[in-house]
2 protein chains.
Amino acid sequence: PEIQRILLENREHYLIPADVVANVNMDNRLGHAFLVLTKVRYAKIPVLDNDSKFCGFISLAMITDKMLALDHVSLEPLDHLTVADVVEKPDPDAVVHDIVDVEQILHLLVDNPFLPVVDREGIFEGIITRREYMKSFNELVHN
Amino acid sequence: PEIQRILLENREHYLIPADVVANVNMDNRLGHAFLVLTKVRYAKIPVLDNDSKFCGFISLAMITDKMLALDHVSLEPLDHLTVADVVEKPDPDAVVHDIVDVEQILHLLVDNPFLPVVDREGIFEGIITRREYMKSFNELVHN
Ligand SMILES: Nc1ncnc2c1ncn2[C@@H]1O[C@@H]2COP(=O)(O)O[C@H]3[C@@H](O)[C@H](n4cnc5c(N)ncnc54)O[C@@H]3COP(=O)(O)O[C@H]2[C@H]1O
Ligand SMILES: Nc1ncnc2c1ncn2[C@@H]1O[C@@H]2COP(=O)(O)O[C@H]3[C@@H](O)[C@H](n4cnc5c(N)ncnc54)O[C@@H]3COP(=O)(O)O[C@H]2[C@H]1O
């Protein structure tokens with residue numbers, strides 16, 4: 001249908017390249033990730049290793065969850081833990097290797113606000129977000 | 001086009017009713033909102049007043065931002081501030097009063113992951129999320 005045509009036409013524009021995607025490193029202290037997530041305002045961001053390979057996601061809730069002790073909030077984890085201690089491992093089926101498979105990507109975006117894109121060696125290339133697909137659907141309806 | 005037909009057909013099913021939407025109250029302490037946002041895992045949730053009127057949104061980043069002092073992280077704000085001190089006021093144009101205007105809702109969902117729905121007096125009725133629209137688009141492509 002029309003909807004497939006418009007997705008195929010725009011497929012080269014959907015990738016947000018790695019250099020403009022906020023991310024943190026597996027061996028960063030949690031305090032660093034706490035600061036980055038507070039300042040960039042993105043809900044969840046990718047976690048990479050020292051070879052720029054994609055390792056998973058991190059959000060503020062994953063950090064604050066470690067700060068909740070029995071009856072008080074503790075700052076200890078910000079100094080004593082690293083991103084690797086809280087990173088959420090990705091669902092291997094929700095990692096994109098081929099940005100031209102727009103139907104598979106649409107299917108994955110139903111349950112994921114964004115999808116990481118990696119090359120054959122697992123190097124992080126960027127993300128595809130719901131917003132870009134919503135923009136295409138909106139243009140389809142309003143034209 | 002087809003896309004409009006499918007949105008109009010499903011329009012009654014897009015609203016997630018207020019009783020299943022996590023929210024906090026304007027006069028809650030920030031520590032309470034910190035706990036709720038950590039546990040429910042939603043990035044942003046609605047803030048209501050004592051008359052169930054919609055007042056705005058809150059996310060963990062709005063709370064952790066207040067915790068960042070000059071060279072350290074402080075727990076003080078969790079006890080001394082309330083939700084009202086950090087609530088993000090809504091853009092009046094991004095509040096839905098009529099859930100059957102599917103084209104206007106699609107337009108607003110391009111830049112907003114979800115939209116609050118209120119009645120004529122401003123009472124909170126629920127939210128409409130990108131996920132439900134993405135689900136319809138996915139069905140359109142895969143059928
Ligand atoms: N600084 C900003 N400028 C303009 N609009 C903004 C914005 N921050 C958030 N938004 C809007 O809010 C939506 C949800 O952002 P959220 O941070 O929850 O969820 C985001 C975030 O977790 C991630 N993301 C998007 N862009 C990113 C980037 N450059 N770096 C890292 N993560 C990113 O992908 C999710 C979905 O993004 P998407 O664009 O579909 O949807 C975004 C976008 O429409
Ligand atoms: N517990 C859960 N079970 C299943 N899927 C989950 C989930 N938590 C998150 N997701 C998935 O992740 C997406 C982004 O969630 P996020 O919390 O960033 O952003 C959410 C959140 O800020 C808000 N939201 C959604 N449902 C909510 C609820 N019941 N109460 C409060 N806020 C809600 O609307 C935004 C967009 O929601 P949407 O459903 O389009 O998109 C959701 C959904 O596809």
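Throughout, a chain's letter reflects where its sequence line sits, starting with A, and its residues are numbered from 1.
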What residues, two or more places apart in sequence or in another chain, satisfy side chain to side chain donor-acceptor pair (under 3.5 Å) together with A/Arg11?
-> none
Rounded to the nearest 0.5 Å, how far does CG of B/Asn112 lie from CZ of A/Arg131?
-> 10.0 Å
Can you find a heavy atom in the side chain of B/Arg130 that is under 4.5 Å from one in the side chain of A/Leu109?
-> no
Separation of B/Ile3 CD1 from A/His142 NE2 (nearest 0.5 Å) | 10.5 Å
Transitive ILVMFWY side-chain link B/Leu35 to B/Met26, under 4.5 Å = yes
Side chain, backbone, both or neither of A/Lys44 within contact of chain B (heavy atoms, under 4.5 Å) | neither
With the 4.5 Å side-chain cut-off for hydrophobic clustering, are A/Ile58 and A/Val117 part of the same group?
-> no
Max heavy-atom pairs within cutoff under 4.5 Å with chain A, candidates B/Val141, B/Leu68, B/Leu7, goes to B/Val141
Are A/Ile128 and B/Val110 in one and the same hydrophobic cluster, where Ile, Leu, Val, Met, Phe, Trp and Tyr link if side-chain heavy atoms are under 4.5 Å apart?
-> yes
Honestly curious: do A/Met134 and A/Leu108 fall in one hydrophobic cluster under the side-chain, below-4.5 Å linking rule?
-> yes
Hey, could you give me the CD/CG distance between A/Gln104 and B/Asn138, rounded to the nearest 0.5 Å?
-> 9.5 Å
Pick from A/Asp111, A/Leu140, A/Ile63 with the largest number of heavy-atom pairs that fall under 4.5 Å of chain B | A/Asp111
What are the residues of residues 70-89 of chain B, in order of number, with any heavy atom under 4.5 angstrom from a heavy atom of chain A?
-> B/Val73, B/Leu75, B/Leu78
Can you say whether A/Thr64 sits under 4.5 Å from chain B via the side chain, the backbone, both, or neither, judging by heavy atoms?
-> both
Name the member of B/Glu2, B/Glu103, B/Gln4 that forms the most heavy-atom pairs with chain A at distances under 4.5 Å.
-> B/Glu103
Examine B/Ile123 and B/Leu15 and state if one hydrophobic cluster contains both, with Ile, Leu, Val, Met, Phe, Trp and Tyr joined whenever side-chain heavy atoms are less than 4.5 Å apart.
-> no
What's in the same ILVMFWY side-chain cluster as A/Val21, cut-off under 4.5 Å, chained through other members?
-> A/Ile16, A/Val20, A/Leu48, A/Phe54, A/Phe57, A/Val95, A/Phe114, A/Val118, A/Phe124, A/Ile127
Smallest heavy-atom separation, B/Ala61 atom then A/Leu37 atom, equals CB-O, 4.3 Å
Relative to each other, are the rings of A/Phe137 and B/Phe137 parallel, tilted or perpendicular (30° and 60° limits)?
-> tilted
Could you list the residues that satisfy ring-ring contact (aromatic ring centres under 6.0 Å, His included) with A/Phe34, not counting sequence neighbours?
-> none
Between NZ of A/Lys66 and OG1 of B/Thr38, what distance do you get to the nearest 0.5 Å?
-> 12.5 Å
